[in-house]
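Below is one structure, written out as structure tokens; the observations come after it.
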Amino acid sequence: MSLDYVKFSPGFEAFMPKEYRDMVEHGPFGKKTTVSQMGSFKEILEEHPMCAGCAMTLFIRLAIVAFPNPEDTITVGTAGCGRLAISQAAIPFVYGNYGDQNGVASGLSRGLRIRFGDKTKDVVVMAGDGGTADIGFQQVLHSWFRKERFTTIMLDNEVYGNTGGQESGMTTRGAVLKMAPLGKKFEKMDMVAMAKIAGCAYIATVVPNNPRRVESCIKKAVLIAREVGPTYIQAYTSCNIEYAIPTDKVMEDAKSVEDDRYKFTEYVSEDAKAYLADRYGYKEFLPKAAAAVTQV
Ligand SMILES: Cc1ncc(C[n+]2csc(CCOP(=O)(O)OP(=O)(O)O)c2C)c(N)n1
Ligand code: SF4
């Protein structure tokens with residue numbers, strides 16, 4: 001994981017598979033690529049075995065394009081649909097037992113800091129709502145309370161999609177699923193509030209049909225996690241199979257859910273604002289007087 005691992009070893013270039021050559025020559029490693037340029041560079045995630053039309057896949061694809069330094073990023077995942085796509089990406093992926101992703105990421109991010117010192121290595125967890133809010137809940141909360149510096153992304157499809165439709169803590173009250181035929185009996189868990197209480201420095205809720213917004217949230221979350229503290233993104237990534245959403249209506253559903261109960265929200269701690277302004281030139285977080293001077 002560095003630009004070196006992406007390059008060809010001397011003398012091997014001519015023997016590399018076409019896909020690999022394409023990735024080295026036209027991929028995003030070592031360059032600044034954005035979601036608006038998608039289609040003009042080779043993406044780190046292209047092929048995957050997810051269901052056609054799955055919104056989670058689109059979100060994962062956008063998230064990976066948004067990583068500030070993909071060549072120095074390690075993703076961590078767990079059982080669930082998302083890992084089927086994330087594990088196909090051309091960057092390292094660590095997969096543990098179901099629910100232990102934040103424990104693994106805590107150790108990994110500490111170890112990387114010891115091993116690489118000042119060299120930045122980003123750790124990003126992407127796991128389902130079951131993996132994050134149910135079975136992995138304890139480790140997620142502890143990693144936040146302990147101020148572990150990595151990003152946690154919940155792929156919230158509001159169901160256990162990979163195992164055929166059990167309810168999760170993030171399923172909405174009353175929802176009827178294949179394996180929750182009487183309807184869910186309690187409210188959707190408020191993981192955003194918990195992230196706030198546990199001290200996350202950046203928290204956002206997003207849906208995948210606004211690629212620029214997804215990109216901006218992921219970038220901020222990853223940058224802040226480098227030095228300030230844990231960051232959390234909760235993304236509505238509908239399961240068109242378990243919720244019987246016709247493939248051509250997936251984005252429409254995301255829009256209407258966003259308008260109704262999954263509004264874009266963003267919390268940035270004061271420390272994180274100052275850090276983004278000072279280190280990465282985010283003008284919107286400059287103190288008011290300084291921002292006015294910059295605009296002149
Ligand atoms: C310890 C353990 N228990 C149960 C399973 C079976 N299992 C695999 S994926 C999954 C549900 C995943 O749901 P979620 O985390 O919401 O992700 P999704 O598939 O919906 O993306 C379960 C229960 C497992 N792999 N390991
Ligand atoms: S089961 Fe649902 S979440 Fe899983 S890949 Fe299919 S549509 Fe996506």
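This one's a predicted model, so the numbers in the text were calculated from it and none came from an experiment. Both counts, for ligands and for their atoms, begin at 1 and track the order of listing.
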Taking the six-membered ring of Phe186, is the NZ or CZ of Lys184 close enough (under 6.0 Å from the centre) and on axis enough (within 45°)? yes
Does even one non-hydrogen atom of Asn97 get within less than 4.0 Å of ligand 1? no
Selection residues 186-214 - residue pairs positive for side chain to side chain donor-acceptor pair (under 3.5 Å), sequence neighbours left out: Asp156-Lys188, Glu158-Lys188, Arg173-Glu187, Tyr202-Glu266, Thr205-Thr265, Arg213-Glu258
Tell me whether ligand 1 is touched by Thr163 - counting only heavy atoms on the residue side and a distance under 4.0 Å. yes
Should you measure from each heavy atom of Gly131, which atoms of ligand 1 turn up under 4.0 Å away? 15 (O)
Determine, using heavy atoms of Met56 and all atoms of ligand 1, whether some pair is separated by less than 4.0 Å. yes
Atoms in ligand 1 flagged as close to Tyr160, the criterion being non-hydrogen separation under 4.0 Å: 11 (C), 13 (O), 16 (O), 20 (O), 23 (C)
So the atoms of ligand 2 within less than 4.0 Å of a heavy atom of Asn240 turn out to be 7 (S)
What closest approach, in Å, do Phe67 and Thr75 show between heavy atoms, and which atom pair accounts for it? CE1-CG2, 3.8 Å
Hey, which atoms in ligand 1 end up nearer than 4.0 Å to a heavy atom of Ala79? 8 (C), 9 (S), 25 (N)
So the protein N/O/S atoms within less than 2.8 Å of atom 4 (Fe) of ligand 2 come down to Cys81 SG
In the protein, what heavy atom is nearest to atom 16 (O) of ligand 1, and what distance, to one decimal place, separates them? Gly130 N, 2.8 Å
Decide, yes or no, whether a salt bridge links Glu167 with Lys185 under the criterion of side-chain N to carboxylate O below 4.0 Å. no
